[in-house]
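Here's the structure we're looking at; comments come further down.
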Protein chains: 2
Amino acid sequence: MVKYEAIANEMRQRILTGTYPIESLIPDQISLAKEFRVSRMTMKKALDILAMEGLIYRQRGSGTFVMKTALLNQQDSAVNEYEGLTKQLSGKKVTSKVIEFNVEFPSEEIMKHLMIKKKQPVYKLVRLRVVDGNPYVLEHTYMPVDLAVGLTEEILEQSIYRYIHEELDLHFGGAFRKIHADKSSHYDQEYLNCKIDDPILEVEQVVYLKDGRPFEYSRSRHRYDTRSYTISDINRNN
Amino acid sequence: MVKYEAIANEMRQRILTGTYPIESLIPDQISLAKEFRVSRMTMKKALDILAMEGLIYRQRGSGTFVMKTALLNQQDSAVNEYEGLTKQLSGKKVTSKVIEFNVEFPSEEIMKHLMIKKKQPVYKLVRLRVVDGNPYVLEHTYMPVDLAVGLTEEILEQSIYRYIHEELDLHFGGAFRKIHADKSSHYDQEYLNCKIDDPILEVEQVVYLKDGRPFEYSRSRHRYDTRSYTISDINRNN
DNA sequence: GAGTGGTCTAGACCACAGT
DNA sequence: CTGTGGTCTAGACCACTCA
């Protein structure tokens, strides 16, 4: 653990436990640097983390304050969507029903999203994710075979992401998503058990590896009444 | 303009114009620091920006590479949603029809979202935003009167955000959003001119000022066929 | 003018990858 | 072992706020 992370953790605790109350001025960087016995640059780097998290804000000339919203939003399940459902809903019982598992050559659209050639095979899979017995999301997924090599039905029924991380030792760098509303298709109605006029929340995403190679293109179709997508966007610049 | 931003701009140009091609190794930090006549820490800070933008990735021990995806995603209209429609769609003709403009005491829910007291009045307004003559989004907005003081119908018909920034000199720190799909109400059908079984994409958001005070709570209801919500999430950690 | 946070430096040490 | 990027330091200067 590097110093600035350790300090950020300590400072976060002080905010969450009220040692530094909401809207209060906290000590200046020089005092804090002295207290933690680090240089001021390192202290600032620790505070940068808390600012990114929306816990503090800084006003040049005035000082550093605890944000009014500091005690909210202590959940970040939004951004790490591609970590997989299994990890996100770790309290609940998540199972997967594999509806389709094939290999094929990519369509024009898939080629574009995964940045691959015409004759580079992809896995195509459709999975229904079931949470505590209720149908939750219907996922249509495409992955290049050479990146996700060695998939089996057994893996699909559990967590693909665990396999990717632990067995293949591949790590994600980010994702690009689009969110739409859509009418439900017969397919949705059948598997998600929704009514004919129920809308669908579709999340279309491309997940990238750390080096920027596209790893997965998927469309996740959610029942409109069980899922909302959450985004927090705090202190992005300065 | 600070040094690291200027250097980041120059490096970004080199990537976008192909001076540093896709997937290539770029010079090491020490060489670059020499070239730009800055310290290595400053050079690293410039590269940090490009990494956040998803243009490069760095491998300790190996070097810094241009991401395969560097030439994509050169649009970021997603994250700055609260900058307002007028700014986002600056090529098109955006008008607003004010459907409701009132002042009232907040409901329980509004009190919670805006973190205000029971007797603190709020503006309630409903606007239909029209882009190039087509109904685009129906916005239900609540703002504390003491923060958005002095709103007039005239301002509402143009850009609220311009008024807030330029006249009131208030600046945003971030936003917190939830995205749902929903069935259309009679209200939606009337103003958005959509069919009875058309779904709606609703974006519910709280916008915060830099000091964390909630400034606006709104629900924006979009036609499902004209709007998708885009999120890019690259290199968030490391 | 005193105190704050933001930037920048020159140099050091460390962790890691490739040889 | 060499070269890479990540961290950390001690000190300097600057921009800004507030009394």
Check: Any side-chain N or O of B:T64 under 4.0 Å from OP1/OP2 of D:dT4?
Finding: no
Notebook entry, point to check: Between A:M1 (CE) and C:dC14 (C1'), how many Å, whole number?
Noted result: 17 Å
Note to self: Rounded to whole Å, how long is the line connecting atom NZ of A:K45 with atom P of D:dG6?
What the structure shows: 9 Å
Note to self: Measure CE/B:M41 against P/D:dG5 and give the value in whole Å, please.
What the structure shows: 14 Å
Next item on the list: May I ask you to evaluate whether A:T42 reaches the phosphate of D:dT7, defined as a side-chain N or O under 4.0 Å from OP1 or OP2?
Entry: no
Notebook entry, point to check: Is NZ or CZ of A:K210 both nearer than 6.0 Å to the six-membered ring centre of A:F172 and within 45° of the ring axis?
Noted result: no
Check: What's the CE-P distance between B:M43 and C:dA10, to the nearest Å?
Finding: 15 Å
Notebook entry, point to check: Between C:dG5, D:dA10, D:dG5, which nucleotide gets closest to the side-chain atoms of A:S39?
Noted result: D:dA10
Check: Between D:dG5, C:dA17, D:dC13, which one does the side chain of B:S62 approach most closely?
Finding: C:dA17
Next item on the list: Just call it for A:K44: base, sugar-phosphate, or nothing, with non-hydrogen atoms closer than 4.0 Å on any strand.
Entry: base
Checklist line | Any B:Q29 side-chain nitrogen or oxygen under 4.0 Å from OP1 or OP2 of D:dG6 | finding: yes
Notebook entry, point to check: Any sub-3.5 Å donor-acceptor pair from A:Y229's side-chain atoms to A:V203's backbone N or O?
Noted result: no
Note to self: Can you tell me which nucleotide in D:dT9, D:dG5, D:dA12 comes closest to the side chain of A:K3?
What the structure shows: D:dT9
Notebook entry, point to check: Side chain of A:R40: nearest nucleotide among D:dG5, C:dT7, D:dT9?
Noted result: C:dT7
Notebook entry, point to check: Under the 3.5 Å rule, do the base of C:dG3 and the side chain of A:R60 count as making a donor-acceptor pair?
Noted result: no
Next item on the list: Tell me, please, whether B:F105 has B:K119 positioned over its six-membered ring: NZ or CZ under 6.0 Å from the ring centre and within 45 degrees of its axis?
Entry: yes
Item checked: Whole-Å gap separating P (C:dG6) and CG (A:L32) -> 13 Å
Check: Which nucleotide sits closest to the side chain of A:R58: C:dA10, D:dT9, C:dG5?
Finding: C:dG5
Check: Looking at A:Y4, is A:K45 sitting on its ring face, NZ or CZ under 6.0 Å from the six-membered ring centre and within 45 degrees of the normal?
Finding: yes
Check: If you measure from CG on B:N9 to CE on B:M1, what distance do you get to the nearest 0.5 Å?
Finding: 5.0 Å
Next item on the list: Please state how far atom CG in A:D28 lies from atom P in C:dA2, giving the value in whole angstrom units.
Entry: 16 Å
Checklist line | Distance below 4.0 Å between B:Y4 side-chain N/O and C:dC8 OP1 or OP2 | finding: no
Note to self: Just the rounded figure in Å: distance from P of D:dT17 to OH of A:Y57.
What the structure shows: 13 Å
Notebook entry, point to check: To the nearest angstrom, how far is A:K210 atom NZ from D:dG6 atom C1'?
Noted result: 13 Å
